[in-house]
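Worth knowing before you read on, the calculation uses all heavy atoms, side chains too, and leaves out hydrogens, waters and symmetry mates. Each chain gets a letter, A, B and so on, in the order the sequences are listed, and its residues count up from 1.
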Amino acid sequence: MILTNIESVPGKNIVEHFGVVSGSTVRAKHVGRDIMASLKNLVGGELKGYTELLQDSRDEATNRMIAQAGQLGANAIVNVRFATSSVAQGASELYAYGTAVRVE
Amino acid sequence: MELIIFIILITLGYVSGTIVEKKHYRSIENREEKFLSLPAVTIKKCGPTTKKVEQVRLVSGNAVISVDYFKRILAGLRNVFGGRVKSYESLIDRARREAILRMKREALFSDVILNIRVETSSIGQDANRKKNIGSIEAFAYGTAVTYRK
Amino acid sequence: MKYTPKAFQKNVNVSETSLLKDFFVLLGGLFALMVLLYIVLGFGVDLIVPRLSLRAEKMLGVPFQQFYSETEKNASSEKLEEMLTELVGLTTGEKRTYQVSLVQNDLFNAVALPGGLIVIYSGLLDAVESDQELAFVLAHELGHFAHRDHLKGLGRGLLLYLFISIVAGPDNFASDFLGESLVGVQMQFSQRQETIADLFALDLLNRRYDTVDGAVSFMKKIIEKEKSHLSLALFSTHPAPESRLFALKDEIREKGYKISP
């Protein structure tokens with residue numbers, strides 16, 4: 001699966017498109033991480049636990065989007081966008097969406 | 001006493017939440033099938049370039065979906081242990097699909113919706129944190145293009 | 001570029017596992033966590049409390065003493081003090097100073113606070129009918145001091161509150177739920193302490209009056225009070241007075257204390 005965040009796949013021709021595909025996930029870290037993060041809030045610095053959490057979630061959202069495109073028989077997703085939102089305290093929501101296409 | 005109220009609320013939340021969700025999903029799937037012929041894409045150029053454009057306009061749709069008591073408790077528990085918050089996944093999924101469907105309904109006679117974007121926000125949470133009114137808003141927008149026949 | 005309309009066969013964005021199963025697994029996990037936490041906290045407090053010197057306890061008690069020292073003196077508070085001195089004279093073991101303070105409040109309750117301070121609410125004072133009953137209340141609180149229950153309760157409560165607010169933030173659903181459940185568990189444990197304090201008071205009452213009528217009649221009074229307002233046994237500090245009365249009667253029979261028919 002080819003993923004791009006531009007209009008097309010350079011060097012290839014889009015022959016068919018299937019509309020929008022998307023993947024999303026909501027994740028939370030366990031309280032131990034939350035405690036560490038609130039302590040880190042006092043001194044500043046990178047919150048490694050949360051960096052990891054968001055990266056994991058983003059990967060999962062991307063994988064879900066790819067699975068959806070696979071169901072449609074696409075071999076590339078163009079113009080992919082990521083969005084983040086917090087739906088609940090301590091949990092983060094990742095959303096990835098793009099246009100499923102078949103390239104040659 | 002408090003425990004009894006808690007159990008009643010959680011059962012009520014689970015039963016009604018499940019019924020409402022099933023009903024909503026059925027309606028979403030029905031309408032998605034109806035609108036299947038109208039493509040919505042995230043790219044800016046799509047479709048035939050030879051045809052003349054008759055109309056171009058911005059279309060949008062939004063939906064606010066509320067969490068039920070059971071789902072909120074489940075999310076609260078999940079917050080302690082970490083991991084995937086499954087109870088909120090369906091809420092967001094419903095909100096987004098509903099928003100996209102409403103956008104498509106607005107663009108009913110168009111041929112394609114270009115460069116769509118979807119935004120999500122949670123409302124009511126920061127304004128009244130203690131009560132924790134959880135609801136999710138999805139907002140979808142894009143450019144609807146109609147070609148001359 | 002042509003458009004091929006196709007519907008998704010299945011929804012990948014929603015997990016397939018049952019939410020109900022998830023809920024019970026998590027609830028079980030939470031209870032396991034709570035029990036573990038309680039044991040660890042309780043162990044810590046029990047380890048520290050017996051090592052706490054009387055002087056350190058006095059310092060802990062200073063804020064309470066300041067708060068309650070403003071109560072006015074009157075005939076009933078003087079009577080309370082007299083009775084307390086008498087009872088303290090009968091106790092065995094280490095001698096320390098105690099204070100009693102009468103607070104104008106309709107609550108039917110008495111509290112043991114760090115630094116040897118006993119607070120009696122006037123609602124309780126109005127309800128007792130004899131000197132023996134009053135002596136039983138005071139002796140019960142002395143029993144708490146003898147076993148240092150007042151410090152244990154305070155220590156646990158403080159540690160719990162600290163832990164919960166660090167973990168989940170001050171106003172969060174999880175913290176409220178966790179807090180309430182943990183307090184419930186703690187109350188259950190302090191029932192045992194109540195019974196032990198009762199037995200301590202029974203012994204003291206017997207030494208002072210040679211009968212223990214006051215203990216039985218006061219406990220019956222508590223049962224009456226409990227009946228008048230609904231409360232779940234799990235969520236109250238002095239629950240199941242019936243079982244306490246039962247334990248008292250057992251002890252009376254065993255030790256052969258005198259009781260008027």
Side-chain angles (χ1 to χ4, degrees), chain B residues 1-4 6 10-11 13-15 17-18 21 25 28-30 32-41 43 45-49 68-94 96-97 111-112 128-132 134, chain C residues 1-34 36-37 163-164 166-185 187-188 226 229-236 239:
Chain B
M1 204 58 204
E2 277 170 36
L3 198 71
I4 295 168
F6 178 75
I10 212 163
T11 320
Y14 180 70
V15 172
T18 313
E21 187 163 298
Y25 263 128
I28 285 176
E29 274 157 19
N30 278 337
E32 267 179 358
E33 211 167 314
K34 207 174 108 195
F35 286 119
L36 204 57
S37 55
L38 172 62
V41 294
I43 47 182
K45 283 177 213 124
C46 186
T49 43
D68 62 60
Y69 196 74
F70 172 76
K71 286 207 165 87
R72 197 166 71 208
I73 301 291
L74 195 52
L77 284 174
R78 186 45 91 186
N79 224 333
V80 176
F81 294 96
R84 200 181 288 164
V85 188
K86 290 171 194 155
S87 60
Y88 279 1
E89 283 178 342
S90 62
L91 289 181
I92 297 174
D93 189 52
R94 276 159 63 198
R96 288 222 178 89
R97 285 164 80 172
D111 293 302
V112 64
N128 200 347
R129 229 164 140 197
K130 184 81 193 168
K131 290 216 174 104
N132 225 352
Chain C
M1 169 174 19
K2 77 174 196 312
Y3 173 58
T4 316
K6 261 189 197 172
F8 302 116
Q9 289 113 34
K10 78 188 222 294
N11 191 355
V12 293
N13 286 328
V14 177
S15 300
E16 273 166 17
T17 47
S18 147
L19 290 181
L20 214 56
K21 190 185 139 208
D22 213 37
F23 176 70
F24 285 114
V25 168
L26 286 177
L27 209 62
L30 187 71
F31 271 105
L33 192 76
M34 263 162 45
L36 195 80
L37 225 138
F163 181 81
I164 291 164
I166 290 175
V167 163
D171 42 40
N172 174 300
F173 154 74
S175 72
D176 287 356
F177 184 73
L178 211 69
E180 260 166 48
S181 328
L182 280 172
V183 167
V185 174
M187 296 308 177
Q188 273 295 57
E226 288 281 312
H229 53 91
L230 255 154
S231 67
L232 266 180
L234 193 67
F235 292 117
S236 140

Undergrad: So, taking the atom named CG in C/Asn13 and the one named OG in B/Ser90, what distance separates them when rounded to the nearest 0.5 Å?
TA: 11.0 Å

Undergrad: Measure distances from B/Ile10 to the heavy atoms of chain C and classify the residue's part below 4.5 Å as side chain, backbone, both or neither.
TA: side chain

Undergrad: Could you look at B/Arg96 and say if it's the side chain, the backbone, both or neither that has a heavy atom under 4.5 Å from chain C?
TA: neither

Undergrad: At their closest point, which heavy atom of B/Ser37 faces which heavy atom of C/Tyr3, and how far apart are they?
TA: O-CE2, 3.8 Å

Undergrad: Which pair of non-hydrogen atoms, one from C/Phe23 and one from B/Ile73, has the smallest distance, and what is that distance?
TA: CE1-CG2, 3.7 Å

Undergrad: Could you check whether atom NZ of C/Lys6 has more than 12 heavy atoms from other residues, nucleotides or ligands sitting under 6.0 Å from it?
TA: yes

Undergrad: Give the C-alpha distance, both sets of side-chain angles, the deciding distance and a yes or no for side chain to side chain contact (heavy atoms under 4.5 Å, CB included) between C/Leu20 and B/Phe70.
TA: CA-CA 9 Å; C/Leu20 214 56; B/Phe70 172 76; 3.8 Å; yes

Undergrad: Which atom names give the shortest non-hydrogen contact between B/Phe81 and C/Leu30, and what distance separates them?
TA: CZ-N, 3.4 Å

Undergrad: Measure the shortest side-chain to side-chain distance between B/Tyr25 and C/Val14 over non-hydrogen atoms and say whether it is less than 4.5 angstrom.
TA: yes

Undergrad: Taking the side chain as every heavy atom from C-beta outward, state whether B/Arg97 and C/Asn11 have any pair of such atoms under 4.5 Å apart.
TA: yes

Undergrad: How many angstroms lie between atom NZ of C/Lys21 and atom NZ of B/Lys86, to the nearest 0.5 angstrom?
TA: 7.5 Å

Undergrad: Output yes when a side-chain donor or acceptor of B/Glu89 lies under 3.5 Å from a complementary backbone atom of C/Ser15, and no otherwise.
TA: yes

